[in-house]
Amino acid sequence: MSSNEWEEHKLEDVLECLIDYRGKTPTKTATGIPLVTAKIVKNGFVQKPDEYIAESDYESWMTRGFPEIGDVLLTTEAPLGEVAQLNIKRVALAQRLVTLRGKKKILDNGFLKYFLRSDVGQARLKARETGTTVTGIKQSELRQIMIPLPRIETQRAIAATLSALDDKIELNNRINKTLEEM
């Protein structure tokens, strides 16, 4: 691939890991390991978790895989297509959410996050959704989504630039909220 080419790949071919806890509901507790649910993945960020599972249940609950910092979270229904990058070390995952991890030196997780949030990424998710009342995407369909990839260095540069912009927007939002409260 030349330095300016972007090649299309099936998502499943560039993923190291896809963790899917759909169909499982943990027993919730007042404290313990934070439970990341689809309802707190919003606008590119994981909101503060307000549900937990018991520390003693963590190992037995997380049998399908352990998420890592930097993994990409994608809501699979109600709503489909909310995307964020995990920034909490030890969390449990709930239903309606999958965790994606790109293959090292092939797919940068930050780039993946921004692709899935982009108009093109959202259109590709929506093109494969099913259902009438509540639409969602099956894992088999998610795996087939095509993703355009430049060289890994370019992916990292794109993700870093967009992340810096997101950080600036978030800072401005916090400043505005503080000013409104004053």
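We count residues from 1, following the sequence as given. When reading the values below, keep in mind they use all heavy atoms of this one structure, side chains included, and skip hydrogens, waters and symmetry mates. Quick caveat, the model's predicted, so the values are computed rather than measured.
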Undergrad: Under the 3.5 angstrom rule, does the side chain of Gln85 hit a backbone N or O of Phe45 as a donor-acceptor pair?
TA: no
Undergrad: May I ask you to establish whether Lys89 and Phe66 are in a cation-pi arrangement, using a distance under 6.0 Å from NZ or CZ to the six-membered ring centre and at most 45° from the ring axis?
TA: no
Undergrad: Could you check whether atom NZ of Lys126 has more than 12 heavy atoms from other residues, nucleotides or ligands sitting under 6.0 Å from it?
TA: yes
Undergrad: According to a hydrophobic-cluster definition based on side-chain heavy atoms being under 4.5 Å apart (Ile, Leu, Val, Met, Phe, Trp, Tyr only), do Leu149 and Leu74 belong together?
TA: yes
Undergrad: Distance from Asp57 atom CG to Thr29 atom OG1, nearest 0.5 Å?
TA: 7.5 Å
Undergrad: What's the shortest heavy-atom distance between Asn109 and Gly102, and which atoms?
TA: OD1-N, 2.7 Å
Undergrad: I need the minimum non-hydrogen distance between Ile53 and Ala92, along with the two atoms involved.
TA: CD1-CB, 3.5 Å
Undergrad: Look only at the side chain of Ser118 and the backbone of Phe115, and say whether a donor-acceptor pair between them is shorter than 3.5 Å.
TA: yes
Undergrad: Measure the spacing between CG of Leu142 and CG of Leu125 and express it to the nearest 0.5 Å.
TA: 7.0 Å
Undergrad: Which atom pair, heavy atoms only, marks the closest approach of Asp108 to Arg156?
TA: OD1-CG, 3.6 Å
Undergrad: Answer yes if Val120 and Leu11 sit in the same cluster of Ile, Leu, Val, Met, Phe, Trp and Tyr residues linked by side chain heavy atoms under 4.5 Å apart, and no otherwise.
TA: yes
Undergrad: Under a 3.5 Å distance rule, please check whether Thr178 uses its side chain to pair with a backbone N or O of Arg174 as donor and acceptor.
TA: yes
Undergrad: Of the options Lys138, Arg124, Arg128, Glu12, which is the one that meets Gln144 in a side chain to side chain donor-acceptor pair (under 3.5 Å)?
TA: Glu12
Undergrad: Mind running salt bridge (Lys or Arg N to Asp or Glu O under 4.0 Å) on Lys39 and Glu82 for me, showing each step along the way?
TA: CA-CA 9 Å; Lys39 69 183 177 187; Glu82 286 287 344; over 6 Å; no
Undergrad: Identify the two heavy atoms, one from Thr75 and one from Leu80, that lie closest to each other, and give their separation to 0.1 Å.
TA: O-CD1, 3.5 Å
Undergrad: Tell me if a side-chain donor or acceptor on Thr161 pairs with a main-chain N or O of Ala157 at a distance below 3.5 Å.
TA: yes
Undergrad: Tell me, with the steps shown, if Lys113 and Asp71 meet salt bridge (Lys or Arg N to Asp or Glu O under 4.0 Å).
TA: CA-CA 9 Å; Lys113 169 186 147 180; Asp71 285 353; over 6 Å; no
Undergrad: May I ask whether Leu86 and Tyr58 are part of the same hydrophobic cluster, defined by side-chain heavy atoms of I, L, V, M, F, W, Y residues being less than 4.5 angstrom apart, directly or through others?
TA: yes
Undergrad: Would you compute the distance between atom OG1 of Thr154 and atom CH2 of Trp6 and round it to the nearest 0.5 angstrom?
TA: 7.5 Å
Undergrad: Do the side chains of Ile106 and Val72 join up, straight or via other hydrophobic residues, at under 4.5 Å, putting them in one cluster?
TA: yes
Undergrad: Mind checking whether Glu68 and Arg101 have side chains closer than 4.5 Å, heavy atoms only?
TA: yes
Undergrad: Considering only heavy atoms from C-beta outward, does the side chain of Val83 approach that of Leu73 to under 4.5 Å?
TA: no
Undergrad: Please check if Phe111 and Leu162 belong to a single hydrophobic cluster, counting links between Ile, Leu, Val, Met, Phe, Trp and Tyr side chain heavy atoms closer than 4.5 Å.
TA: yes
Undergrad: So, does Trp61 use its side chain to make a donor-acceptor pair with the main chain of Leu93 at under 3.5 Å?
TA: yes
Undergrad: I would like to know whether Arg22 and Val98 meet side chain to side chain contact (heavy atoms under 4.5 Å, CB included); could you show each step before the answer?
TA: CA-CA 8 Å; Arg22 286 183 286 182; Val98 294; 4.2 Å; yes
Undergrad: Got Val91 and Leu35 here, is their nearest side-chain heavy-atom distance under 4.5 Å?
TA: no
Undergrad: How about Lys103 and Leu15: do any of their side-chain heavy atoms sit closer than 4.5 Å?
TA: no
Undergrad: Is there a side-chain contact between Leu18 and Gln139, using heavy atoms and a 4.5 Å cut-off?
TA: yes
Undergrad: Would His9 and Met146 count as a side chain to side chain contact (heavy atoms under 4.5 Å, CB included) here? Give the steps.
TA: CA-CA 5 Å; His9 296 271; Met146 299 300 288; 5.6 Å; no
Undergrad: Is any side-chain heavy atom of Ile158 closer than 4.5 Å to one of Tyr114?
TA: no
Undergrad: With rounding to the nearest 0.5 Å, note down the distance linking CD in Glu170 to CG in Asp167.
TA: 8.5 Å
Undergrad: Does the pair Lys28 and Glu51 meet the rule for a salt bridge (Lys or Arg N to Asp or Glu O under 4.0 Å), with working shown?
TA: CA-CA 7 Å; Lys28 296 172 187 169; Glu51 296 178 288; 3.0 Å; yes
Undergrad: Could you tell me the separation between the CG atom of Leu97 and the CD atom of Glu77, rounded to the nearest 0.5 Å?
TA: 11.0 Å
Undergrad: Got Ile69 and Ile88 here, is their nearest side-chain heavy-atom distance under 4.5 Å?
TA: no
Undergrad: Which atom names give the shortest non-hydrogen contact between Leu112 and Leu100, and what distance separates them?
TA: CD2-CB, 3.8 Å
Undergrad: Does any N or O in the side chain of Gln122 come within less than 3.5 Å of the main-chain N or O of Leu116, such that one atom is a donor and the other an acceptor?
TA: yes
Undergrad: Are Glu7 and Arg151 ion-paired here, with the side-chain N under 4.0 Å from a carboxylate O?
TA: no
Undergrad: Drop me the distance from Asn43's CG to Arg117's CZ, to the nearest 0.5 angstrom.
TA: 6.5 Å
Undergrad: For Asp119, does the CG atom have more than 12 heavy-atom neighbours from other residues, nucleotides or ligands under 6.0 Å away?
TA: no
Undergrad: Quick one: does Leu107's side chain get under 4.5 Å of Ile147's, heavy atoms only?
TA: yes
Undergrad: Which atom names give the shortest non-hydrogen contact between Arg90 and Glu59, and what distance separates them?
TA: NH2-OE2, 4.2 Å
